[in-house]
**Q** 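Below are the structure tokens for one structure; questions will follow.
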Amino acid sequence: MNKDTLPQRILEVERLSIRFGGLLAVNDLSFAAHDREITAIIGPNGAGKTTVFNCLTGFYKPGVGRIRLTHADGRDYLLERMDDFRIAREARVVRTFQNIRLFAGMSVLENLLVAQHAALMRASLFSVAGMLGLPSYRKAEKIAIERARHWLEKTELIAAADEAAGSLPYGAQRRLEIARAMCAEPVLLCLDEPAAGLNPHESLELNELLLAIRAETGTAILLIEHDMSVVMQISDHVIVLDHGAKIADGSPQAVRADEAVIHAYLGTPDSEDLPPDLAIGIAKAGR
Amino acid sequence: MDYFLQQLINGATLGAIYGLIALGYTMVYGIIGMINFAHGDIYMVGAFISLIGLMVMGALGLTFIPLALFLVVLLAMIFTALYGWTVERIAYRPLRGSSRLAPLISAIGTSIFLQNYVQIAQGARAKPLPPMVRGSVDLIHTGNFQVTISYLQIMIIALTVVLMAGFTFMIRKTSLGRAQRATEQDMTMASLLGINVDRTISITFIIGASLAAVAGLMVTLYYGVIDFYIGFIAGIKAFTAAVLGGIGSLPGAMLGGFLIGLIEAFWSGYFSVAYKDVGVFAILVLVLIFRPTGLLGKPEIEKV
């Protein structure tokens, strides 16, 4: 895309609300994410960030609202109406989880091939050609393995390709989750706290990986993160949620100076219960 | 020694049949964590479809036995798979996401339904079939005892080995097999990566039922007599085989099937034919007490 033109709007969430019993988890939320941008969603615990992801990927069906995803070719997908596997397969929205969810008993390479299942099934005519080892299937599998190899190299996991995914160290499992998501060729990649549990060095590497993904594929990235060093350094756009509603929306600089955000994170001046790690994160970022 | 060898051959034949049925149990358990108690009756339906198929072939005047058997295997697999698919669609899928007990009860109900359905449709009397595959090979000839392996036994063992090899290849190497294993490990995540979980589960039932259909045909040919109740005892024995091998483990089901067949053959050979089932089910009790995860099953370790 030309640098002069504005990035295309790829995801548009309009007036999204979801209620669990008496709790309004997401309250009249509207936001947009753009092509070739990293959009961060931040907010205190329980603000509804993960719930938004669950709505995007079809895990929850929102009571109210519209989630529209637009591909580069102009096709529109209304995600709130689609089955979860179709969201991944057709709309190409892929997510990772806060707690790692790899297929622990399968090898690293197999994890990446599972993400390309839909394409392989088409090539194999529902495994008939796969069983017979026909050339069309072998070719499709070769392409799939090439793609897997590419992302393994990007995430520095190529040496572990044949190991069981569950036996990898924690940081490597985090990277493998991102590699697996990228093998599904997402248009929108949703990462739920990818830096959780990483040491400072590893989260620096994560920053580079995400920037490389954006530069190479142009995939729009939606990011939930508590680690402010990640959020402030790489995001183009920050959305702040509190109690299910949006309280700020803008560039990282604008958001960190925002009164409402500081209030949400640090409470009123006489508040007793500060969340200490977040307070420090915000204070650092504000320096 | 000769007698031992003869029982080994008989046991392996029986074990091949149990192994094929056990695969269906273990696959379904692996993927949706449910014991499909109707699977034994699916096998019984497979046996009846085989019997009908063989009679149709006879009526059509198809006297070339290998071709007739080949066609009957195909027919039985297709129609039994249809039963397996329908059972999953009607009795299990609507209950997915409810408590674990609900599909189990539904499975027992389905089992009773299938038995009664076949009893009404086909009559309660045992159905005989004249032996179709005759002839045998004498292996050892000493005095008045000879060790023989019949062509039918060779066919049963060979077909089972081929099916198991093909099946293992499918699970290990094809995209469908990977999708099944992924669904088994984390259904939600598999779905979020674009795998149609419902269809994958349907395919699992279809494969399990068509393997059971082959077992049904083999039993029809081997014993020459079937009735609407054969699914119960064979089903429980195959289930025992799956548990012995480690439920959820595919090589375990095959190994367990062969072991149960051998145990049954040796028990009837050296102790008592009348109490052969006691031997088999004593094994089930002992496995559950001393090694609940079976021979090849992995214990479920929850990381904290």
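Per chain, numbering begins at 1; letters A, B, ... match sequence-line order. The shown structure was predicted, so the numbers you read here are calculated from the model rather than taken from an experiment.
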**Q** So, B:T204 versus B:Q180: side-chain donor-acceptor pair below 3.5 Å or not?
**A**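 Checked: B:T204/B:Q180 side chains pair up, N/O donor to acceptor below 3.5 Å.
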**Q** Go through B:R181, B:E184, B:R178 and name the one with the most non-hydrogen pairs under 4.5 angstrom from chain A.
**A**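 Greatest number of close heavy-atom pairs with chain A: B:R178.
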**Q** So, A:K61 and A:E80, do they make that salt bridge, N to O below 4.0 Å?
**A**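 Between A:E80 and A:K61 there is no salt bridge, as every charged N stays at least 4.0 Å from the carboxylate O atoms.
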**Q** Hey, which of A:N111, A:V114, A:T57 has the most heavy atom pairs under 4.5 Å with chain B?
**A**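 Highest number of pairs under 4.5 Å: A:V114.
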**Q** Salt bridge or not between A:R180 and A:E177? Use side-chain N to carboxylate O under 4.0 Å.
**A**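 A:E177 and A:R180: salt-bridged.
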**Q** Do A:Y170 and A:R174 have side-chain N/O donor and acceptor atoms under 3.5 Å apart?
**A**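 Indeed, the side chains of A:Y170 and A:R174 share at least one donor-acceptor pair under 3.5 Å.
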**Q** Among A:A115, A:A118, A:G58, who wins on heavy-atom pairs under 4.5 Å with chain B?
**A**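 Maximum pair count with chain B is reached by A:A115.
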**Q** Non-hydrogen atoms of chain B under 4.5 Å away: do they reach the side chain of A:Q116, the backbone, both or neither?
**A**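 Neither part.
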